[in-house]
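Beneath this line is the structure, given in structure tokens, with notes to follow.
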Amino acid sequence: MNQILLVITSCPDKQTALMIAEKVLANKLAACVNVLPEVMSLYTWAGKQEVTTEVLLQIKTTNEAFSALQNCITEAHPYEVPEIIAIPVVAGLPAYLQWVNEQTGRQ
């Protein structure tokens with residue numbers, strides 16, 4: 001079984017978040033995408049402190065699918081440098097982890 005990853009990315013709005021979620025699922029790059037409601041983000045960009053609202057995606061995928069997932073997000077995302085962070089899942093319900101592998105076509 002491949003390493004399962006939790007990938008996090010933030011989007012400027014719900015429409016963009018849903019478009020990216022549907023695209024990664026259609027391409028079998030993820031088993032599940034959670035679309036979290038509005039979050040407040042504070043960050044520095046181009047030397048200026050920003051405060052904005054975003055919609056957060058939690059994407060369940062595999063290490064094997066990550067490169068293609070990253071490319072898919074980057075191509076579809078409106079940000080110049082989108083947040084794409086992958087966190088290894090160190091433990092989980094075995095049946096769920098197997099399902100993630102099956103859904104991404106990588107066993």
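Starting from 1, each residue takes its place in the sequence as its number. For the numbers below, each heavy atom of this structure counts, side chains included, while hydrogens, waters and symmetry mates do not.
Contact of the V100 side chain with the Y96 side chain is registered, since non-hydrogen atoms from C-beta on lie closer than 4.5 Å. Under the 4.5 Å side-chain criterion, counting only non-hydrogen atoms from C-beta, V39 is not in contact with T53. Looking at heavy atoms from C-beta onward, F66 lies out of side-chain contact with L29 at the 4.5 angstrom threshold. At least one side-chain heavy atom of Q3 sits less than 4.5 Å from a side-chain heavy atom of L5. Contact check for L6 versus Q58: side-chain heavy atoms found under the 4.5 Å cut-off. With a 4.5 Å cut-off on side-chain heavy atoms, V35 and V55 count as touching.
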Exercise answer: donor-acceptor pairs, residues 8-26 side-chain atoms, under 3.5 Å, sequence neighbours excluded:
unit_1: T9; atom_1: OG1; unit_2: E83; atom_2: O; d: 2.5
unit_1: S10; atom_1: OG; unit_2: E54; atom_2: OE2; d: 3.4
unit_1: S10; atom_1: OG; unit_2: E83; atom_2: OE1; d: 3.0
unit_1: D13; atom_1: OD1; unit_2: Q15; atom_2: N; d: 3.3
unit_1: D13; atom_1: OD1; unit_2: T16; atom_2: N; d: 2.7
unit_1: D13; atom_1: OD1; unit_2: T16; atom_2: OG1; d: 2.8

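In this structure, the separation between CG on L97 and OG1 on T62 is 11.5 Å, given to the nearest 0.5 Å. Here the CG atom belonging to L56 is positioned 7.5 Å from the OG atom belonging to S41, to the nearest 0.5 angstrom. Remark: T74 OG1 to L69 CG distance equals 9.0 Å, nearest 0.5 Å. Of the inter-residue distances, the one linking I87 atom CD1 with I4 atom CD1 reads 14.0 Å to the nearest 0.5 angstrom. Separation of atoms CG (N101) and CG (N63) is listed at 10.5 Å; rounding is to 0.5 Å.
Among all heavy-atom pairs drawn from Q103 and K28, the shortest one is O-CB, 3.8 Å. Taking every heavy atom of both residues into account, A86 and V7 meet most closely at CB-CG2, 4.1 Å. Contact detail for A30 and I59: the closest heavy-atom pair is CB-CG2, 3.4 Å.
Distance alone, capped at 3.5 Å, places no donor-acceptor pair between the T44 side chain and the G47 backbone. Judged by distance alone, the side chain of Q70 and the main-chain N or O of I84 form no donor-acceptor pair under 3.5 Å.
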Requested in this report: Show your working on side-chain contact (heavy atoms from CB on, under 4.5 Å) between L42 and M40 and close with a plain yes or no.
Outcome: CA-CA 7 Å; L42 294 86; M40 183 176 286; 3.9 Å; yes
Report task. Quick one: do T52 and Y43 satisfy side-chain contact (heavy atoms from CB on, under 4.5 Å)? Show the steps, please. Result -> CA-CA 9 Å; T52 188; Y43 56 92; 3.5 Å; yes
Query raised in the report: Step by step, would you call L36 with L57 a side-chain contact (heavy atoms from CB on, under 4.5 Å)?
Result: CA-CA 6 Å; L36 282 68; L57 297 180; over 6 Å; no
